[in-house]
Every structure is written in C-alpha cells, then in structure tokens.
Participant: 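The structure follows.
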2 protein chains.
Amino acid sequence: MHHDSLHALLVKEKLSLTRPRRIIFDLLLHKDPQSMQVLISRAANKVDRATIYRTIELFERLGIVHRLNIGWKYKIELSDLFVGHHHHFHCNQCGATHTLQANPMLETMIDTVAAKENFSPRSHQLEIHGLCGQCAGQPA
Amino acid sequence: MHHDSLHALLVKEKLSLTRPRRIIFDLLLHKDPQSMQVLISRAANKVDRATIYRTIELFERLGIVHRLNIGWKYKIELSDLFVGHHHHFHCNQCGATHTLQANPMLETMIDTVAAKENFSPRSHQLEIHGLCGQCAGQPA
DNA sequence: GATATATTTGCAAATTTGTCGCAATTATAT
DNA sequence: ATATAATTGCGACAAATTTGCAAATATATC
C-alpha cells in the first residue's frame with residue numbers, strides 16, 4: 001500500500017503523516033503531473049495554500065515528489081519511488097506526452113557522464129521533443 | 001562575433017539591436033544559466049525590470065535564449081546557437097547549475113531510445129541533480 | 001484511552017515575481 | 001538631419017510564494 005511507504009518515509013525523519021500530507025499525496029496518486037495552481041485549487045477548502053507549498057517542498061526534499069519541466073512551467077508528480085523511473089516524450093505536433101521506459105544502458109551512461117566531471121548524481125530528468133509515430137506518418 | 005549573429009537575428013524580424021538588448025545579451029554571454037533575480041540585480045540602474053522580462057521573452061521567441069526549470073524558479077541561458085549543445089548538472093546543496101559537455105555516444109543513445117518506440121526525436125533536454133564536487137566533499 | 005511534547009497547520013500579512021498602459025526616448029532607413 | 005516605427009522606463013497592478021505565530025494535531029508514553 002502506497003500510504004505505508006509514505007508513512008515510513010516520514011517516520012524515518014521523525015515527521016508525521018498528517019491529514020494535509022495524506023490529502024496532498026492522494027491528489028498526486030494515479031494522476032499525471034500537476035501544476036501548483038491545479039493542486040491548490042483541487043485542495044481548496046481542505047488544505048491551506050501555504051501548507052501545500054510547505055508540503056511539496058518537504059516531499060521533494062524527502063524524494064517523494066519530483067518537479068517536472070513541461071515547457072515554461074513546472075509540474076509535480078510522484079517520484080520514482082511510487083511510479084517506476086521513466087522519461088517523457090513530448091510530441092511537437094499533437095502535444096501528447098508519452099512516457100518512455102527507462103533503459104538501463106542509458107541510465108548508466110547518464111550517471112557516468114556526470115561522475116566524469118566530478119559530480120555525484122542522485123537523479124535526473126530527460127525530456128525528448130519531436131514527432132510521435134502518428135504525427136510523423138501524416139505530416140501537417 | 002556573437003553580436004553580429006544577434007543583430008542578424010533581430011534584423012530578420014525587423015527588430016532593432018538596442019542598448020538594453022545588448023546589455024542583457026552580454027550578461028548572458030560566457031555565463032552559466034542565471035535566474036531572473038540575478039539578471040535583474042546585475043542590470044540594476046541600467047535596464048528596467050519590465051524591459052528585462054520583455055527582452056527575455058523576445059529572445060526566447062527568437063530562439064536566442066533558453067529557459068531551464070530549476071526547482072521552483074527557472075534560469076536563462078543562451079541557446080545552442082551561441083553555445084554548443086550541452087546538458088546541466090544542478091547541485092541540490094549549493095544550488096549552482098553547471099553545464100555538462102554533450103557526449104556524442106550519449107546523444108546517439110537518447111535518439112535511439114526514442115526511435116525504438118517509434119518517435120522521431122528533434123531535441124531533448126537532460127537535467128541531472130545531485131551534489132557537486134565541492135558539496136560532496138564537505139557534507140552539510 | 002488520556003496526556004504530555006513536539007510537530008504542523010491555518011491565517012493574515014509581507015515579500016517577491018511578473019505584467020500592463022502609456023508618454024518619452026531611441027534606432028533605422030531615407 | 002528627419003520622419004517613423006519600435007522600444008524603453010515608470011508607476012501601478014496582479015499573481016505567486018513566503019513568513020510569523022497562536023491554535024490544532026500526531027505520536028509516544030503512561
């Protein structure tokens with residue numbers, strides 16, 4: 001059960017699983033990445049704005065959520081701990097976002113490239129833009 | 001000379017290379033990605049805040065600069081037109097953003113991974129997060 | 001369960017970021 | 001040098017994010 005993992009992560013840091021934290025976690029569960037605006041409005045009357053910012057900041061620090069770059073804005077999604085590691089492909093034509101399976105060799109190479117320059121990689125994010133199969137077939 | 005390319009890009013759109021635009025371009029030249037805050041303060045007394053926002057928006061539209069989402073905020077850097085293709089490493093501790101040389105093998109593999117799922121990749125963006133050499137040496 | 005303790009929340013106010021209209025200024029072509 | 005169209009700075013807004021603090025709530029202990 002996902003709530004157990006969440007609880008465990010919090011307890012490990014001597015933090016508690018409060019009502020607002022559970023609500024925010026649930027807003028993210030089984031959903032596509034969401035903007036702050038959307039999270040705030042979906043939690044309206046249940047969780048205060050300030051609490052949402054504080055919670056997302058905490059969740060990110062604990063590796064529970066992840067900020068995703070989509071165009072200019074960022075969106076929040078649960079981290080690899082709750083959904084497998086993956087990348088995104090954005091179609092420039094139809095605008096769809098597809099997920100790409102993590103590829104072990106690619107993942108390794110990414111870490112290697114960073115380590116080579118004396119960095120200690122913890123996580124990464126890869127976004128590919130182009131044309132999806134459908135759109136490539138029938139040009140505009 | 002970089003200013004010539006900048007001028008050419010502007011002229012092509014019937015726009016002019018003004019003092020503020022040159023100043024902002026110079027603030028970006030040969031520097032790591034910078035936040036708006038930093039740009040605004042570095043340009044203090046020379047260019048108005050509103051002009052900086054308008055100029056960055058214009059530069060982005062013309063493909064002169066590129067916006068990176070880093071944490072809550074974003075940072076601006078010159079596009080691949082002025083600096084070769086590269087990736088970024090963001091230090092979770094000190095907040096610095098470093099550039100990583102593009103690695104031909106890695107680039108190829110990224111395209112291959114996308115092609116394998118029937119996508120036609122055009123561009124991509126890779127952000128690695130972790131600890132930079134300095135911060136890894138002396139933990140918090 | 002009830003209680004003590006430390007954490008966490010909601011609220012309201014402050015700060016920071018980003019936008020807009022418009023008169024004054026500046027670049028470009030003539 | 002001048003006309004014309006683009007561009008800037010300014011001040012006022014509007015939106016996004018942060019902060020301090022008293023009240024509420026979770027957790028461990030009895």
Side-chain angles (χ1 to χ4, degrees), chain A residues 1 3-28 33-62 64-65 67-76, chain B residues 3-28 33-62 64-76 95 97:
Chain A
M1 177 57 160
H3 285 109
D4 294 337
S5 314
L6 172 63
H7 190 229
L9 284 165
L10 288 167
V11 165
K12 197 167 61 182
E13 301 275 327
K14 298 203 204 326
L15 301 173
S16 40
L17 177 45
T18 61
R19 208 177 84 89
R21 286 175 185 164
R22 193 165 23 234
I23 289 175
I24 293 168
F25 182 83
D26 287 344
L27 286 178
L28 292 166
Q34 293 169 75
S35 66
M36 274 294 174
Q37 276 185 340
V38 167
L39 281 178
I40 290 169
S41 78
R42 287 221 289 144
N45 303 321
K46 281 184 286 192
V47 186
D48 186 75
R49 219 208 297 285
T51 300
I52 295 179
Y53 280 105
R54 285 187 284 228
T55 300
I56 293 297
E57 185 190 11
L58 170 70
F59 279 6
E60 192 180 33
R61 189 157 58 70
L62 300 186
I64 293 167
V65 302
R67 275 167 229 262
L68 179 61
N69 306 333
I70 294 198
W72 303 16
K73 303 293 175 72
Y74 62 85
K75 293 186 177 179
I76 307 293
Chain B
H3 285 108
D4 294 339
S5 313
L6 172 62
H7 190 229
L9 284 166
L10 288 167
V11 166
K12 196 168 61 180
E13 301 274 327
K14 297 203 201 332
L15 302 174
S16 41
L17 177 47
T18 61
R19 208 179 84 89
R21 285 174 186 165
R22 194 166 21 237
I23 289 175
I24 293 169
F25 182 83
D26 288 343
L27 286 179
L28 292 166
Q34 293 169 75
S35 64
M36 276 292 177
Q37 273 185 340
V38 169
L39 281 178
I40 290 170
S41 78
R42 287 220 288 144
N45 304 321
K46 282 183 285 191
V47 186
D48 187 73
R49 203 150 44 105
T51 300
I52 295 180
Y53 279 105
R54 285 187 283 229
T55 300
I56 293 297
E57 183 191 11
L58 170 69
F59 279 7
E60 190 178 36
R61 189 158 58 72
L62 300 187
I64 293 167
V65 303
H66 189 252
R67 200 182 289 238
L68 301 178
N69 289 81
I70 300 265
W72 252 202
K73 305 294 166 58
Y74 56 86
K75 293 184 178 180
I76 306 293
T97 299

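Residue numbers begin at 1 in each chain, while the letters A, B, ... track the order of the sequences.
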Participant: Atom CD1 of B:Ile23 to atom P of D:dT7: distance rounded to whole Å?
Facilitator: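 Computing the B:Ile23:CD1 to D:dT7:P distance gives 16 Å.
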Participant: What side-chain donor-acceptor pairs closer than 3.5 Å can you find for residues 5-13 of chain B, not counting sequence neighbours?
Facilitator:
none

Participant: Rounded off to whole Å, could you give me the CD1-to-C1' distance for the B:Ile40 and C:dG18 pair?
Facilitator: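 One finds 8 Å between C1' of C:dG18 and CD1 of B:Ile40, rounded.
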Participant: Report the distance from atom CE of B:Met36 to atom C1' of C:dT19, rounded to the nearest whole Å.
Facilitator: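 Taking CE of B:Met36 and C1' of C:dT19, I get 12 Å after rounding.
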Participant: In whole angstrom, what separates A:Glu13's CD from D:dT27's C1'?
Facilitator: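 Roughly 16 Å, once rounded to whole Å.
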Participant: Would you say a side-chain N or O of B:Tyr53 is under 4.0 Å from OP1 or OP2 of C:dT19?
Facilitator: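 No, B:Tyr53 has no side-chain N/O under 4.0 Å of OP1/OP2 on C:dT19.
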Participant: Checking the side chain of A:Arg21 only, and the main-chain atoms of A:Thr55 only, is there a donor and an acceptor separated by less than 3.5 Å?
Facilitator: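 No; zero donor-acceptor contacts below 3.5 Å.
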Participant: Mind listing the N/O atom pairs, protein and nucleotides 3-10 of chain C, below 3.5 Å?
Facilitator:
| residue | atom | partner | partner atom | Å |
| --- | --- | --- | --- | --- |
| C:dT8 | OP1 | A:Ser16 | N | 3.2 |
| C:dT8 | OP1 | A:Arg21 | NH1 | 2.7 |
| C:dT8 | OP1 | A:Arg21 | NH2 | 3.4 |
| C:dT8 | O5' | A:Arg21 | NH2 | 3.4 |
| C:dT9 | OP1 | A:Thr18 | OG1 | 2.9 |
| C:dG10 | OP1 | A:Lys46 | O | 3.3 |
| C:dG10 | OP2 | A:Asp48 | N | 3.2 |
| C:dG10 | OP2 | A:Thr51 | OG1 | 2.7 |
| C:dG10 | N7 | A:Arg54 | NH2 | 2.9 |
| C:dG10 | O6 | A:Arg54 | NH2 | 3.2 |

Participant: Holding to ring-ring contact (aromatic ring centres under 6.0 Å, His included), I want the full list of residues that pass it with B:Phe25, two or more places apart in sequence or in another chain.
Facilitator: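 For B:Phe25, the residues satisfying ring-ring contact (aromatic ring centres under 6.0 Å, His included) (neighbours in sequence not counted) are B:His3, B:Phe82.
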Participant: Compare side-chain N and O positions of B:His7 against OP1 and OP2 of C:dA27 and report whether any pair is under 4.0 Å apart.
Facilitator: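 No, because none of the side-chain N or O atoms of B:His7 sits under 4.0 Å from OP1 or OP2 of C:dA27.
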Participant: Show which side-chain atoms of residues 43-53 of chain B pair as donor or acceptor with protein atoms under 3.5 Å away, not counting sequence neighbours.
Facilitator:
| residue | atom | partner | partner atom | Å |
| --- | --- | --- | --- | --- |
| B:Asp48 | OD2 | B:Ala50 | N | 3.0 |

Participant: Measure the distance from CD1 on B:Ile56 to C1' on C:dG18 and round it to the nearest whole Å.
Facilitator: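 My rounded result for the distance is 13 Å.
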Participant: Please say which of A:Ile24, A:Leu27, A:Leu28 ends up in a side-chain contact (heavy atoms from CB on, under 4.5 Å) with A:Ile76.
Facilitator: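 Only one of A:Ile24, A:Leu27, A:Leu28 forms a side-chain contact (heavy atoms from CB on, under 4.5 Å) with A:Ile76, namely A:Leu28.
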Participant: Separation of B:Arg22 atom CZ from C:dT26 atom C1', in whole Å?
Facilitator: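 My rounded result for the distance is 12 Å.
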Participant: Find the distance B:Tyr74:OH to D:dT17:P and express it as a whole number of Å.
Facilitator: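 After rounding, the reported distance stands at 11 Å.
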Participant: Atom CD of A:Glu57 to atom C1' of D:dA16: distance rounded to whole Å?
Facilitator: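 Distance, rounded to whole Å: 15 Å.
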Participant: Run the side-chain hydrogen bond (donor to acceptor under 3.5 Å, both in side chains) test against B:Arg42 and tell me which residues pass, sequence neighbours left out.
Facilitator: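 side-chain hydrogen bond (donor to acceptor under 3.5 Å, both in side chains) list for B:Arg42, sorted by chain: B:Gln34.
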